[in-house]
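All remarks here apply to the structure that follows.
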Amino acid sequence: MFKTIKHRFQVMRAVAFVTFKEWSAYRSHSMVSIFVGPVYFLVQYYIWNSVYSGESSINGMTLPQMLTYFCATLLINYLTMDFADWNLQMLIRTGKFITFSLRPVNHMFFALSQKVGHRVLGLLFECIPCFLIFYLVFDINVLPANAFYAVLSIAMAFLMNFFINYSIGMTAFWMVQSSSIRNIFNLCAQVFSGAAIPLVFFPRTLQLASFFLPFQYTAFVPAMVYTGSYTLADVTLTIPQVLLLQLLAVIVAGAVCRLLYAVSLKHFTGVGA
């Protein structure tokens, strides 16, 4: 058991390192976020300053909390962003996925290892620089309320994002070209994850529905854990309770993803190989 875990860790480390080196050649692409992130924040800053004009609190959030929330969601996105759906669809469409049937590591684990390397690059060239800009230039308190809890929640958001996107990518086993599904899903994820606007601004019915959808566990939950409090649909949970809820969601998403992977392999025809 220990040898198996050690071997898988070594494989993940090797794949992550190769991915890091490969994407390091295009680090200027990642560094664009150093400008995009702050510009996006400036837009949110002016919008919410106008919204909060004459108001000290809206839906339980003050203006400083709102600004911190958007800074947190940006930083979390740099650490959890995923491309597994696009990459998997491309491999299936071209038939290159067949090469993974000859490898000792299944593609799901390989893709997860790739993401680790890719997001380490994001940490160095996107997250840390933008964190310093928000903290030093904009004077926003972007320090997590509890660093340990924040790291746990972001790690689970990392896995949740991967499981969701990989599951979407597996639709290509049936449809070959699944870009339309990806586009629809990405639109829903942007809205219902809380990345575009905090979920507390949604109607109560949608807030309640968010507990049973995977989206809030990728952005809203880690952002609220980051800021130190969680309330949704008039339900207030302690941070440990939120983390347990998020863990349950990740376990379910992982189990579904694993099941879909086993079923999807039976539909692969190697078109384009």
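The figures that follow rest on heavy atoms only: side chains count, while hydrogens, waters and symmetry mates do not.
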If you take all heavy atoms of [X] and [Y], which pair is closest and at what distance?
X	Y	result
T80	R119	N-CD, 4.1 Å
S193	T218	CB-OG1, 3.7 Å
M61	Q65	CA-OE1, 3.4 Å
L121	S24	CD1-OG, 3.6 Å
I164	P214	CD1-CB, 3.5 Å
A189	F215	CA-CD2, 3.6 Å

**OP:** Applying side-chain contact (heavy atoms from CB on, under 4.5 Å), run through R258 and F163 and close with a yes or a no.
**Re:** CA-CA 9 Å; R258 188 71 184 179; F163 291 141; over 6 Å; no

[atom1] of [X] to [atom2] of [Y]: how many Å apart, nearest 0.5 Å?
X	Y	atom1	atom2	answer
N165	Q89	CG	CD	12.0 Å
Y230	L237	OH	CG	6.0 Å
E126	L74	CD	CG	11.0 Å
F70	I197	CZ	CD1	6.5 Å
Q190	C188	CD	SG	11.0 Å
E55	L63	CD	CG	11.5 Å

Ignoring hydrogens and geometry, is there a side-chain-to-backbone donor-acceptor pair from [X] to [Y] under 3.5 Å?
X	Y	answer
N77	T73	no
Y261	Y166	no
Q207	V200	yes
Y226	V142	yes
Y217	F211	yes

Please tell me whether [X] and [Y] are part of a single hydrophobic cluster in this structure, the criterion being side-chain heavy atoms less than 4.5 Å apart.
X	Y	answer
L143	I128	yes
V235	L206	yes
L88	I181	yes

**OP:** Say whether S153 and Q246, considering side chains only, have a donor N or O and an acceptor N or O under 3.5 Å apart.
**Re:** yes

Subject >> Modelled atom types, side-chain donor and acceptor of T62 and S57, under 3.5 Å >> reply: no

Original post:
Does OH belonging to Y40 count more than 12 external heavy atoms closer than 6.0 Å?
Top reply: yes

Original post:
Only one of N146, I239, L152, I76 clears side-chain contact (heavy atoms from CB on, under 4.5 Å) with V225; which?
Top reply: I239

Original post:
Of F131, F41, Y45, Y135, which is the lone residue that meets side-chain contact (heavy atoms from CB on, under 4.5 Å) with C71?
Top reply: F41

**OP:** Mind telling me whether F192 and F202 have parallel, tilted or perpendicular rings, with 30° and 60° as the class edges?
**Re:** perpendicular

**OP:** For the residue pair W48 and F201, categorise the inter-ring angle as parallel (less than 30°), tilted (30 to 60°) or perpendicular (more than 60°).
**Re:** tilted

Original post:
Are the side chains of C130 and Y78 in touch, meaning some heavy atoms are under 4.5 Å apart?
Top reply: yes

Subject >> Contact check, side chains of M66 and V51, non-hydrogen atoms, under 4.5 Å >> reply: no

Original post:
Given the rule in the side-chain contact (heavy atoms from CB on, under 4.5 Å) test, do L243 and M156 qualify, once you have shown the distances and angles that lead to the verdict?
Top reply: CA-CA 9 Å; L243 291 174; M156 286 190 283; 3.8 Å; yes

Original post:
Would Q216 and L232 count as a side-chain contact (heavy atoms from CB on, under 4.5 Å) if you check the C-alpha gap in whole Å, the side-chain angles of each, and the deciding distance to 0.1 Å?
Top reply: CA-CA 11 Å; Q216 73 153 323; L232 186 65; 3.7 Å; yes

**OP:** Please lay out, stage by stage, how F97 and L265 fare under the test side-chain contact (heavy atoms from CB on, under 4.5 Å).
**Re:** CA-CA 10 Å; F97 184 84; L265 290 180; 3.6 Å; yes

